[in-house]
Amino acid sequence: MLIDLQLSKHKTDFSEFDFLIVGAGVAGTILAKNLASSGKKIALIEGGSSEYTESSQNLYKGKVIGDPYFDLDVTRLRFFGGSSNHWTGMCRSFEKVDFERKYLGNIYQWPIKFNDIDKYKKKACEILEIPSEFDDNIDSTYKIKSIGFNMSTVNFKEKYFQEFILDKNISLFINANLTKFNGKNRQIKSINFESFNGNKIKLITKKVIIATGGIENCRILLWMDKIYPNLFFEKNLPIGKYWMEHPHFTLGKAIVDRRKVSKTYYSLKGDIQKKLGILNFGLRINHLDEKNTTELIRDLICVAPRLGNKLAKLAGKNLVCGAVLRAAWEQSPSINSKISLSKELDSFGIPRVDLHWKKNELDRATLKKSIMVFNEWLLNNDFGRLNLYDWVSRDKSYPSDDQLGGHHHMGGTRMHESKNYGVVDSNCKVYGSNNLYIAGSSLFTTGGHNNPTLPIVQLTLRLSDHLREKI
Amino acid sequence: MLRRDFVKRIISIFLLPYAFSEIKLSKTYYESGWILKDQDF
């Protein structure tokens with residue numbers, strides 16, 4: 001059933017729902033689908049409409065403080081399907097080493113094991129309509145490996161919107177923006193929602209799942225903490241803190257042996273990351289065309305004529321080519337990288353957000369050490385030569401006119417065994433709450449270096465299994 | 001490639017007092033952003 005609160009002139013009475021899911025993006029829709037299929041009565045609430053609207057998108061405006069970042073109303077979408085309406089579709093899961101970060105301190109340690117989410121990979125890949133095997137090539141003689149991404153073309157609005165309207169267990173509300181929580185003793189009993197034209201509704205539920213994305217999940221909990229202190233969950237949880245992105249920057253160029261450096265994506269093996277005390281790092285090699293390759297070789301000839309002339313001959317035989325090196329890597333969870341509430345309110349009286357995105361020394365060390373391992377691989381095996389940009393080789397500031405990030409909003413309501421370092425427990429339940437859960441990438445204890453959608457789906461499947469058993 | 005590695009290993013094991021030779025053999029140059037080896041020039 002579809003209820004557009006914007007069009008709803010009369011009050012409809014709804015009996016108690018088993019689950020009320022706030023947010024109909026990737027996590028929210030998968031939860032609704034899975035819980036409804038087991039006979040549970042679901043209210044799926046979308047603040048936006050079924051299409052993009054200015055009035056809804058406006059609620060995503062916020063301030064960026066700290067490192068340069070995208071406008072907050074550009075880096076995400078607020079309507080059914082969420083950011084899957086503009087995602088690139090790149091999929092790859094967490095790696096085993098992402099769950100073995102104790103060498104960097106307890107703060108990095110997930111409260112669950114790699115296998116706890118890896119067992120959901122196959123089903124998650126089915127949902128994303130991609131193969132569950134990835135084109136990884138691990139040669140034991142080298143410190144780096146080539147890795148594969150699978151591309152999904154799934155749009156969650158196209159996949160689920162019509163299906164949910166017909167599902168007798170799902171009540172799908174659109175244009176319904178949460179305005180008030182009701183309850184006591186760490187138990188939410190009901191939530192009030194309001195449309196952009198002032199229509200209101202109160203929905204009663206047994207359990208609540210907030211699945212509004214990696215920035216908005218923080219915003220809602222920060223707001224709840226401010227106006228209902230200690231009422232629904234514990235005080236002093238690190239809400240909004242340890243917020244992470246995947247820094248995306250172009251590091252330089254290279255001339256590579258086409259036969260040896262034929263893949264597009266590379267990363268360091270887990271044991272090398274541990275040995276160097278760094279995080280995960282993904283390197284993308286975009287091969288250049290003949291004209292740009294020639295220019296690059298000409299540049300090299302000015303510096304090293306012997307090698308340059310040799311490579312020019314090989315380029316003529318199509319054996320070497322130029323390449324641009326782009327990197328997307330894991331950011332460390334830092335207490336200084338955070339989301340906080342702004343003094344400015346949105347049209348429903350809820351504070352907007354300030355994003356203080358901060359990269360730290362370990363993020364820089366991960367970049368520097370990883371690119372040096374890649375350099376060593378090229379140099380020692382004569383697979384190619386690197387030409388790094390000044391800011392990388394001379395340790396200058398990050399450029400502000402590069403890609404900056406991947407629109408991957410992670411952490412902020414992270415999962416951790418200690419409530420000093422996490423907001424939710426290993427079952428995604430907010431510490432101290434009886435019935436409030438979180439879904440999505442804000443749960444990530446650490447971010448890995450791969451795109452977050454596949455892990456979001458895996459974690460959501462795990463959460464829906466847990467919730468089905470609990471009720 | 002193999003022969004060069006062998007020579008480097010011999011130098012590092014048997015000619016320790018002349019370790020500078022080992023460094024020179026594998027010296028890396030940063031020239032206009034390029035990371036190069038001494039053999040490249």
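Chain letters run A, B, ... following the sequence lines, proteins first and then strands; every chain starts at 1. The shown structure was predicted, so the numbers you read here are calculated from the model rather than taken from an experiment.
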Side chain / backbone / both / neither for A/Leu300 at chain B, heavy atoms under 4.5 Å: both
Contacting moiety of A/Asn375, where chain B heavy atoms sit under 4.5 Å: side chain
Chain B contact via A/Ile301 - which portion, at a heavy-atom distance below 4.5 Å: neither
A/Lys274 NZ: over 12 foreign heavy atoms closer than 6.0 Å: yes
B/Glu31 atom CD, over 12 foreign heavy atoms within 6.0 Å: yes
Worked verdict on B/Leu36 versus A/Arg385 for side chain to side chain contact (heavy atoms under 4.5 Å, CB included): CA-CA 7 Å; B/Leu36 302 165; A/Arg385 296 290 185 273; 3.9 Å; yes
Any side-chain heavy-atom pair of B/Tyr30 and A/Asn387 under 4.5 Å: no
Option that, when pairs with chain B are counted at under 4.5 Å, heavy atom only, ranks first among A/Leu378, A/Leu296, A/Val392, A/Asp390: A/Leu296
Pairwise side-chain contact, B/Lys37 with A/Leu307, heavy-atom cut-off 4.5 Å (strictly under): no
Distance, nearest 0.5 Å, that separates CD1 of B/Ile35 from CD of A/Glu376: 11.0 Å
4.5 Å side-chain heavy-atom contact, B/Trp34 and A/Leu388: no
Salt bridge A/Arg306-B/Asp40, side-chain N to carboxylate O under 4.0 Å: no
